[in-house]
Amino acid sequence: VTAVDISAGVLARAAERASRAGTPPPRLQWVEADLSTWQPGRRFDLVTTHYAHPAMPQLAFYERIADWVAPGGTLLIVGHRPSPDHTGHGHHPPEEATATVAGIQARLVPAHWEVVTAEERTRTVAGRDVPLFDVVVRATRRP
């Protein structure tokens with residue numbers, strides 16, 4: 001497993017949790033890097049991103065990380081989608097950090113990808129008075 005995040009603090013907390021769970025260190029690689037510039041040098045069976053706010057356009061970021069998926073592997077994107085009353089601050093993510101299912105699917109060429117899940121969801125979180133809007137796309141790279 002290669003875990004990449006721009007935050008050293010996030011990686012340290014994740015490493016601590018993995019250690020408490022008894023995950024053997026040789027099975028994990030912790031990389032502090034900006035995913036908008038980092039090059040993995042290999043492809044992976046599973047590439048995931050959850051609510052990323054990259055230093056590049058959101059859809060270009062998803063296309064970039066899709067290149068890291070090995071043939072037969074899975075890409076899982078969980079992100080923000082625009083809200084009907086988008087304000088760009090407060091409880092809502094910045095507009096540039098949002099995407100739609102249609103926008104993501106347009107980047108996944110059907111000759112190379114099978115989209116398995118493509119959903120836009122609304123959820124609530126305890127203690128918050130506004131709904132949150134998510135997009136979930138799971139695709140498999142064709143061999």
Side-chain angles (χ1 to χ4, degrees), residues 1-83 86-110 112-143:
V1 173
T2 301
V4 184
D5 199 280
I6 199 166
S7 169
V10 165
L11 292 169
R13 285 190 302 275
E16 181 182 318
R17 287 181 184 159
S19 177
R20 282 196 316 259
T23 305
R27 298 197 59 193
L28 299 170
Q29 178 184 10
W30 306 98
V31 178
E32 181 182 351
D34 179 345
L35 292 175
S36 65
T37 58
W38 180 69
Q39 293 293 338
R42 61 177 281 223
R43 288 193 165 175
F44 301 95
D45 293 328
L46 174 64
V47 174
T48 69
T49 181
H50 291 75
Y51 307 109
H53 293 199
M56 64 188 300
Q58 198 74 29
L59 292 175
F61 173 72
Y62 294 151
E63 189 171 9
R64 175 178 170 69
I65 67 171
D67 285 343
W68 304 341
V69 178
T74 297
L75 172 67
L76 174 61
I77 297 169
V78 180
H80 305 292
R81 73 174 165 95
S83 65
H86 185 78
T87 60
H89 57 81
H91 296 291
H92 302 284
E95 187 171 358
E96 63 273 9
T98 66
T100 63
V101 162
I104 296 168
Q105 284 185 287
R107 301 289 180 120
L108 300 173
V109 178
H112 302 287
W113 291 96
E114 175 189 356
V115 175
V116 178
T117 304
E119 299 178 1
E120 294 183 349
R121 300 178 178 180
T122 302
R123 63 186 167 93
T124 57
V125 177
R128 296 186 92 172
D129 58 353
V130 296
L132 300 175
F133 302 91
D134 300 328
V135 60
V136 178
V137 174
R138 181 171 61 105
T140 302
R141 182 182 288 280
R142 297 185 191 281

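Being a predicted model, the structure only gives us computed values, none of them experimental. Just so it is clear, the values below take in all heavy atoms, side chains as well, and ignore hydrogens, waters and symmetry mates.
Asp34 CG: more than 12 foreign heavy atoms inside a 6.0 Å radius. More than 12 heavy atoms of other residues, nucleotides or ligands shown are found within 6.0 angstrom of CZ on Arg20.
Scanning both residues, Arg138 and Thr74, for their nearest heavy atoms gives CG-CG2, 3.7 Å. Closest approach of Ala70 to Asp45, counting heavy atoms only: CB-OD1, 4.2 Å. Nearest heavy-atom pair across Arg43 and Pro71 is NH1-CD, 4.1 Å. Minimum interatomic distance between Val69 and Gly73 (heavy atoms only, all atoms of both residues): CG1-C, 3.4 Å. When all heavy atoms of Ala52 and Gln58 are compared, the pair lying nearest together is O-NE2, 3.2 Å. Met56 and Ser36 make their closest contact through SD-CB, 3.4 Å (heavy atoms, listed as atom of the first residue, atom of the second, distance).
For the atom pair CZ of Phe44 and CD1 of Ile65, the computed distance is 11.5 Å after rounding to the nearest 0.5 Å. Between the CG atom in Asp134 and the CZ atom in Arg121 there is a gap of 8.0 Å [rounded to 0.5 Å].
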Item to check | Trp113/Val137 under side chain to side chain contact (heavy atoms under 4.5 Å, CB included): CA gap, chis, key distance, verdict | outcome: CA-CA 12 Å; Trp113 291 96; Val137 174; over 6 Å; no
Item to check | Intermediate values then yes/no, side chain to side chain contact (heavy atoms under 4.5 Å, CB included), Leu59 and Ile104 | outcome: CA-CA 6 Å; Leu59 292 175; Ile104 296 168; 3.8 Å; yes
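The side-chain heavy atoms of Trp68 and Leu35, taken from C-beta on, include a pair separated by under 4.5 Å.
In this structure a side-chain-to-backbone donor-acceptor pair under 3.5 Å is missing from Arg27 to Val1. The main-chain N or O of Pro110 is found under 3.5 Å from a side-chain atom of Arg142 such that the two form a donor-acceptor pair. Side-chain atoms of Glu32 do not come within 3.5 Å of backbone N or O of Leu11 as any donor-acceptor pair.
Considering Val116, Leu108, Thr48 in turn, Leu108 is the only one that fulfils the side-chain contact (heavy atoms from CB on, under 4.5 Å) rule with Leu75. No option in Thr100, Thr98, Thr122 other than Thr122 meets the side chain to side chain donor-acceptor pair (under 3.5 Å) test with Arg81.
A donor and an acceptor atom, one from each side chain of Arg64 and Thr37, are nowhere located under 3.5 Å apart.
The aromatic rings of Tyr51 and His80 lie tilted to each other, with the angle between the two planes from 30° to 60°.
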